[in-house]
Number of protein chains: 2
Amino acid sequence: MQLANILTELVSAGEYLPGSRLPSESKLCKRYGVSPMTVHRSIKALLDVGIVNTIKGSGTYVKAPGLKGVTFDLEEFHSIFRDKKHIKVNVLDAIIVKADKTTANRLAINEGDRTVLLKRVLVRDGDPIIYHKEKLIYDPYLPIMEAELEVTSLHGLFVGGGETRLKRGDLTIEAIALNEEEANKLNTVLHQPAFCLEHIFYDFDDRPLSWGRFICRGDRFKFKTSVGVPARVSPSA
Amino acid sequence: MQLANILTELVSAGEYLPGSRLPSESKLCKRYGVSPMTVHRSIKALLDVGIVNTIKGSGTYVKAPGLKGVTFDLEEFHSIFRDKKHIKVNVLDAIIVKADKTTANRLAINEGDRTVLLKRVLVRDGDPIIYHKEKLIYDPYLPIMEAELEVTSLHGLFVGGGETRLKRGDLTIEAIALNEEEANKLNTVLHQPAFCLEHIFYDFDDRPLSWGRFICRGDRFKFKTSVGVPARVSPSA
DNA sequence: AAGTGGTCTAGACCACTAT
DNA sequence: TAGTGGTCTAGACCACTTT
């Protein structure tokens, strides 16, 4: 919406300072010659990107930027998987193992039940940067296709391609120090700091289907984001 | 919006599987007896939370959950600052220092220019969990108020309270290993894994005003999030 | 050509806040 | 009581995709 961008630029220019009130929606209607609905949707757009607050019955106020509403996305993480020219996925293991205690807990199965264990390393220009370890519920009707275990299926974890049985997933991210196995797979030193991105995906019966961890070398990853007034709130001109 | 929640529940129940198309907006109008605008806004809500895709001229499709659109917020981080019962802020330093090379670079000033250095430790129940180090552009007209340096001002960094000169900020998050000073301040061991949340805030002339780092013990922090169909898309019943 | 999402209008009523 | 944001209607036109 054009009006949303106009308002964004006014805020960005300091025309409306943090804490101050924007003109009321009805005034904006008259000033810009648009209907109430259009004004409201414009302001909703500013609300969504977090540059204003609205208080019913009172007004719309410019927010001061703070750490509160900040979010980090995994775009940089994802972009790595798209860059197929420099990225190679090595499948280290694709075997059937019996679930240990932790795995049984995460996948809501019994200790000793069979699971499919996958170990993959993501290599960029000969440099191993991500170690992925995943355990899947063993399903005898779904044979393991080695070919499917390479870039495509890791890429699928991101874009959600093909798999229609998944309903939702839980993610956690931690700062860890690499253990011996991880350091070895990532060709670096013991205790190297790293991100651990853990994921569990559930089917439509809320049963866990997979549990895994991305171990990412801390010296290769940095997540960036920003707060406050963006250049533009919507893609149009 | 009620319709948005109805549709969310239908998707959640597996009525519309990932990849499949939702009924067209005009059909939803008839089926639920609401106007086109209302239907469109409902679907916009699903779009915003990332459970559907819309393709102009084609239809609205249910997304499979993937890591792509995942975002982590700092809510858990923020909640710590609100919990004033168990949280104490110790100001270790509040002095004027000359900028070193890195500081000069980040704050876009000259090496040797004066800056205000703040060092604070956030203690929860006697347990130091966050070490905050910040450098501010020195402004002789803004005297340092010791009282302001405690919880309130750290809290202000989050909610953006009071400060009306700030327009935007850049944030990065890294996995690091504590150096000697940090380990000492956080009462833990050298090389302990940790999150480093770095922030730079800019004024309306795009000049940096402050640069700082939150060092958070990795064994005290875990960021969580989820993807896929949420319980409810809007707060109403 | 028919159907789809994207956008907009010019009103309306409501719940809430301020005075 | 007047003003504010929140929601909704019943149409309309457009750009786009599909058949």
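A, B, ... follow the sequence lines: proteins, then strands. Residue 1 opens every chain.
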Q: With no hydrogens and no angle check, do the side chains of Lys167(B) and Ser12(A) hold a donor and an acceptor under 3.5 Å apart?
A: yes
Q: Which nucleotide sits closest to the side chain of Lys56(A): dG5(D), dG5(C), dC8(C)?
A: dG5(D)
Q: Out of dG11(C), dT4(D), dG11(D), which has the shortest distance to the side chain of Lys27(A)?
A: dT4(D)
Q: Are any non-hydrogen side-chain atoms of Phe81(A) and Ile87(A) less than 4.5 angstrom apart?
A: no
Q: Starting at CE of Met37(A) and ending at C1' of dA12(C), how long is that distance when rounded to a whole Å?
A: 12 Å
Q: Less than 6.0 Å separating the ring centroids of Phe214(B) and Phe77(B)?
A: yes
Q: Whole angstroms only, please: what is the CD1-C1' distance between Ile43(A) and dT4(D)?
A: 11 Å
Q: Just how far, in rounded Å, is P of dA12(D) from CD of Glu25(B)?
A: 18 Å
Q: For dA10(C), take OP1 and OP2 only and decide whether either is under 4.0 Å from a side-chain N or O of Ser35(A).
A: no
Q: What is the distance from CG of Leu28(B) to P of dT9(D), rounded to the nearest Å?
A: 13 Å
Q: Between Gln2(A) (CD) and dT7(C) (P), how many Å, whole number?
A: 11 Å
Q: Could you tell me the separation between the CG atom of Leu22(B) and the P atom of dG6(C), rounded to a whole number of Å?
A: 12 Å
Q: Classify the nucleic acid contact of Ile55(A) as base, sugar-phosphate or nothing, counting any heavy atom under 4.0 Å across all strands shown.
A: sugar-phosphate
Q: According to a strict under-4.0 Å criterion, is Ser58(B) in side-chain N/O contact with OP1 or OP2 of dT17(D)?
A: no
Q: Closest to the Thr60(B) side chain: dC8(D), dT4(D), dG5(C)?
A: dG5(C)
Q: Expressed in angstrom and rounded to an integer, what is the separation of Tyr32(B) atom OH from dC8(D) atom P?
A: 15 Å
Q: With a 4.0 Å limit, can you tell me whether Ser24(A) has a side-chain N or O closer than that to the phosphate oxygens OP1/OP2 of dG3(D)?
A: no
Q: Give a yes or no on whether the ring-centroid distance for Tyr61(B) and Tyr16(B) is below 6.0 angstrom.
A: no
Q: Both Thr38(A) and Ser26(B) contact DNA chain C. Taking the nearest nucleotide for each, which residue is further toward the 5' end?
A: Ser26(B)
Q: Between Phe72(B) and Phe223(A), is the gap from one ring center to the other below 6.0 Å?
A: no
Q: dG5(D) phosphate, OP1 or OP2: any side-chain N/O from His40(A) under 4.0 angstrom?
A: no
Q: Arg41(B) has an atom CZ; how far is it from atom P of dC8(C), in whole Å?
A: 14 Å
Q: Using heavy-atom distances to pick each residue's nearest nucleotide on DNA chain D, tell me which of Thr54(A) and Gly57(A) is more 5'.
A: Gly57(A)
